[in-house]
J.: 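Take a look at this one; I'll ask things after.
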Amino acid sequence: GSRSIGSNGDVGELEYLILHTHPDSVARKANAIDTNHPHRFSQVVNDYVEAVRQLACQVLDLLGEGLGLRDPTSLSSLITATDNDSLVRINHYPPHPSCASATKPGGGGAVGFGEHTDPQILSVLRANDVGGLQVLLPDAAAAADGDGAWVPVAPDPSAFFINVGDLLQALTNGRLVSVRHRVVAGAGKPRLATIYFAAPPLHATISALPETVTAGAPRLYRPFTWAEYKKTMYTLRLSHNRLVLFHVGDGGAGIEDHDGQE
Ligand SMILES: O=C(O)CCC(=O)C(=O)O
Ligand SMILES: [Fe+2]
């Protein structure tokens, strides 16, 4: 477990475990985590990963269909590539009995997990019956409306919370939005959340899908690799809006390679 988040000074009231989802990587970690039954640990993690990966693929295929992609599986194929860079993260937030009112809006609870957007393609979160997760209404983010813009996500241990990541926003040319979220600590019971972050291979080029780039909706972001995006991310604080660093100017660069205008 660890309390610092990233390497740029962010901290939160939690301890967490991050696992790369590749079975070889899970097996290596299993030897350190469950010395008596490493195989049992690997089995549980691999089974969970397989199940949430399938769910993520179904969601991405439906989105691909909804977006009218010529190949609706072009999103899911990024996360099923054998060298995909997906992660599983288990977050444990200890109880905060002293500030039980803190999860109310404006209650000023401690930072469980600071505000951020998830950088990957899609996140699939499953948590216990303890709340704390909040999302920032996209339009309210700009309106500087203080804490009122944060909407609590009702805890539901039987549901999955699906989050669009930065890469999916870039791939869909901004049609799908990577929503800022955070966890406010302050419940009397521990919160436990397991999140699968579906990511492409490091060398994958992230570029708006051609169907999402039109004369009316020119390309928003220049193409970049996931490795490049991660490298940029590691130099920034958790709360930084990293995608803006990949914005193209107002020169219509995206239209140029799509239909030759400008
Ligand atoms: O722990 C949670 O409920 C969410 C944490 C989160 O947003 C993350 O790990 O990216
Ligand atoms: Fe997150």
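Numbering of ligands and ligand atoms starts at 1, following listing order.
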J.: Mind checking whether Tyr16 has a heavy atom under 4.0 Å from ligand 1?
T.: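 It does not, in that no heavy atom of Tyr16 comes within the 4.0 Å cut-off of ligand 1.
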J.: Does the residue Tyr93 have a heavy-atom contact with ligand 1, meaning some pair of atoms that are separated by less than 4.0 Å?
T.: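 Contact present.
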J.: Within a distance under 4.0 Å of any heavy atom of Ala193, pick out the atoms of ligand 1 and give their elements.
T.: 1 (O), 2 (C), 3 (O)
J.: Does at least one non-hydrogen atom of Arg191 fall below 4.0 angstrom from an atom of ligand 1?
T.: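 True for this residue.
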J.: With atoms numbered from 1 as shown, which atoms in ligand 1 lie under 4.0 angstrom from a non-hydrogen atom of Val183?
T.: 1 (O), 2 (C), 3 (O), 4 (C)
J.: Please name the pair of heavy atoms, one in Leu14 and one in Gly112, separated by the smallest distance, quoted to 0.1 Å.
T.: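 Of all heavy-atom pairs spanning Leu14 and Gly112, the closest is CD2-O, 3.4 Å.
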J.: Which ligand 1 atoms does His181 reach within 4.0 Å, using its non-hydrogen atoms?
T.: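 Matching atoms, with element in brackets: 7 (O).
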J.: Pick out which of His116, Gln134, Glu115 makes a side chain to side chain contact (heavy atoms under 4.5 Å, CB included) with His181.
T.: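 Output: one option passes, namely His116.
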J.: At a 4.0 Å threshold, what atoms of ligand 1 neighbour a non-hydrogen atom of Asn91?
T.: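 Answer for ligand 1: 1 (O), 2 (C), 5 (C), 9 (O).
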J.: List the steps and the verdict of side-chain hydrogen bond (donor to acceptor under 3.5 Å, both in side chains) for Arg219 and Ser207.
T.: CA-CA 9 Å; Arg219 184 183 296 275; Ser207 177; 3.0 Å; yes
J.: Do you see a donor-acceptor pair shorter than 3.5 Å between the side chains of Asp83 and His22?
T.: no
J.: Against Asn173, only a single residue in Leu209, Thr214, Val213 fulfils side chain to side chain contact (heavy atoms under 4.5 Å, CB included); can you say which?
T.: Val213
J.: For ligand 1, which atoms have a heavy atom of Arg89 less than 4.0 angstrom away?
T.: 9 (O)
J.: In His181, what N, O or S atom is nearest to the Fe ion (ligand 2), if we give its atom name?
T.: NE2
J.: Could you list the atoms of ligand 1 found under 4.0 angstrom from a heavy atom of Phe197?
T.: 8 (C), 9 (O), 10 (O)
J.: Of all the atoms in ligand 1, which lie at a distance below 4.0 Å from a heavy atom belonging to His116?
T.: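 Under 4.0 Å from His116, ligand 1 has these atoms: 6 (C), 7 (O), 8 (C), 10 (O).
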J.: Do we see a donor-acceptor contact under 3.5 Å between the side chains of Ser76 and Asp61?
T.: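 A pair is found: one side chain offers a donor N or O, the other an acceptor, under 3.5 Å apart.
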J.: Salt bridge or not between Glu228 and Arg222? Use side-chain N to carboxylate O under 4.0 Å.
T.: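 Salt bridge flag = yes for Arg222 with Glu228.
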J.: Against Tyr229, only a single residue in Tyr234, Phe224, Tyr221 fulfils ring pair (Phe, Tyr, Trp, His ring centres under 6.0 Å); can you say which?
T.: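 Checked Tyr234, Phe224, Tyr221 against Tyr229; only one passes ring pair (Phe, Tyr, Trp, His ring centres under 6.0 Å): Phe224.
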J.: Can you name the atoms of ligand 1, numbered from 1 with element, that are less than 4.0 Å from a heavy atom of Leu125?
T.: 2 (C), 3 (O), 4 (C)
J.: Nearest to the Fe ion (ligand 2), which N, O or S atom of Asp118 do we find?
T.: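 Result: OD1.
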